[in-house]
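Take a look at the structure below.
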There are 2 protein chains.
Amino acid sequence: MEQRLLRSGQLAKMAGVSTDLLRHYERIGVLPAAIRAPNGYRLYPPQSAKRVCTVRSSVAIGFSLAELSRIFAMRDRGGIPCHKVRALAEEKLHLVEQSLKELEALRRHMCETLRLWDQRLAEAGRGRRAELLESLTEIPGKRKAAASSFKKGFRK
Amino acid sequence: MEQRLLRSGQLAKMAGVSTDLLRHYERIGVLPAAIRAPNGYRLYPPQSAKRVCTVRSSVAIGFSLAELSRIFAMRDRGGIPCHKVRALAEEKLHLVEQSLKELEALRRHMCETLRLWDQRLAEAGRGRRAELLESLTEIPGKRKAAASSFKKGFRK
DNA sequence: ATCGACCCTGGAATGGGTTCCAGGGTCAAG
DNA sequence: CTTGACCCTGGAACCCATTCCAGGGTCGAT
């Protein structure tokens, strides 16, 4: 049975990640600490591959490693974090939708900006300054958040 | 005429930013170094307010401070960076559009995920583990980039 | 004289997943 | 015995706009 244990490089290749990342996941607590061979090498049980994939998928939809760590820890204590997990995911969905709105607004603003700039460039002619950036302050575009909520609050 | 000069706090209030940010902008080179009063206080010409607003607007649509610094420097050397500015903005628009696509895909993936989870939760019943996160690896959702291009490459 | 409001400096912190690094072992094949 | 592939460690670097900090001046008003 012991032959089925994986060394870090093997697991990394299977999961499509770097060995650095495996160690990082272990540090954070989203991947259980592997047992060690006599020489100190990590030996992972095969199901670690699934765990790594789970972590990656979860991160991809917005879970932070810290959240995942808490969730797995709750499970290990016999808890049932499903309710919490669902709630978190829904929260993240709302953030994504909020970001989509902001990003769409930004896209419109940028399109409008380019349109105005081309106008200005045509009017200014060659070798003339068009002061494009300055004209930004004249465009009604709300220079507020601009998709910042996505970059800031996507994870927490 | 000298009465029209602004101290950092005044300019900051006018532009709606912190004095820390003004100093930062000066360091980076997007805000010309202010002259100094005999006591060492910065004294800004009134047009600095416009400059600060320009920087903020530019940052809001994706320009990095480093890019802006280059652009303003080019101008100061008598250059005409309008062409470059337009090209940069268009590039940023493409990034935003790319991000929108990814984010929209992520939204769909998350909606689908929640739907499946609710199904699983109903099947599992109360007090049962539903292994929600694990089920992520079974969903066809491309766990690829997931709007990463926005977070990574928005500025450069 | 003292209080509060303002200003100065440069460097560090923030966030957070991921990568990179130096300095050092293990082991099998050639 | 050497080469090369693999593994170990903990801490730093990355990105980058913005904020925070400590330690220290300046100034007008009470």
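Within every chain, numbering begins at 1; the chains are lettered A, B, ... in the order of the sequence lines, protein sequences first and strands thereafter. Just so it is clear, the structure is predicted and the values come from calculations on it, not from any experiment.
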Between C:dT18, D:dA17, D:dT26, which one does the side chain of B:Leu65 approach most closely? D:dA17
Rounded to whole Å, CG of B:Leu43 lies from P of C:dC8 at a distance of 9 Å
Rounded to the nearest angstrom, tell me the gap between atom CZ in A:Arg7 and atom P in D:dC7. 5 Å
Ion pair B:Arg115/B:Glu112, N-O distance below 4.0 Å: yes
Any B:Arg42 side-chain nitrogen or oxygen under 4.0 Å from OP1 or OP2 of C:dC7: no
Rounded off to whole Å, could you give me the CD-to-C1' distance for the B:Gln10 and C:dC7 pair? 12 Å
Closest nucleotide among C:dT18, D:dC27, C:dC7 to the A:Leu21 side chain: C:dT18
Closest to the B:Arg36 side chain, choosing from C:dC8, D:dT26, D:dC6: C:dC8
Which nucleotide in the list D:dT19, C:dT26, D:dC27 gets nearest to the side chain of B:Asp20? D:dT19
Hey, which of these two, A:Tyr41 or A:His24, hits DNA chain C nearer its 5' end, going by closest nucleotide? A:His24
Looking at A:Glu104 and A:Arg107, is there a salt bridge between them, counting it only when a charged N and a carboxylate O are closer than 4.0 Å? yes
Any side-chain N or O of B:Asn39 under 4.0 Å from OP1/OP2 of D:dC27? yes
B:Leu6 CG to C:dC6 P, straight-line distance once rounded to whole Å: 15 Å
Please report the distance, rounded to the nearest Å, between CD1 in A:Ile35 and P in D:dC8. 13 Å
Give A:Arg27 one of three labels, base, sugar-phosphate or nothing, depending on what nucleic acid heavy atoms sit under 4.0 Å from its own. base
Which of the following nucleotides, D:dT19, C:dC20, C:dC7, is nearest to the side chain of B:Ser8? C:dC7
B:Arg129 CZ to B:Glu134 CD distance, which is reported to the nearest 0.5 Å: 9.5 Å
note: A:Ile28, atom CD1; C:dG17, atom C1'; distance rounded to Å ~ 9 Å
Taking the side chain of A:Arg23 as heavy atoms from C-beta outward, which of C:dT19, C:dC20, D:dC7 is closest to it? C:dC20
Send over the distance from A:Phe63 CZ to C:dG16 P, rounded to a whole Å. 15 Å
Side chain proximity check, A:Ile80 to B:Arg128, heavy atoms < 4.5 angstrom: no
Is the NZ or CZ atom of B:Arg51 positioned over B:Phe72's six-membered ring, under 6.0 angstrom from the centre and within 45° of the axis? yes
Between P on C:dA5 and NZ on B:Lys13, what's the gap in Å once rounded to a whole number? 12 Å
Can you check whether A:Tyr25 has a side-chain N or O nearer than 4.0 Å to OP1 or OP2 of C:dT18? yes
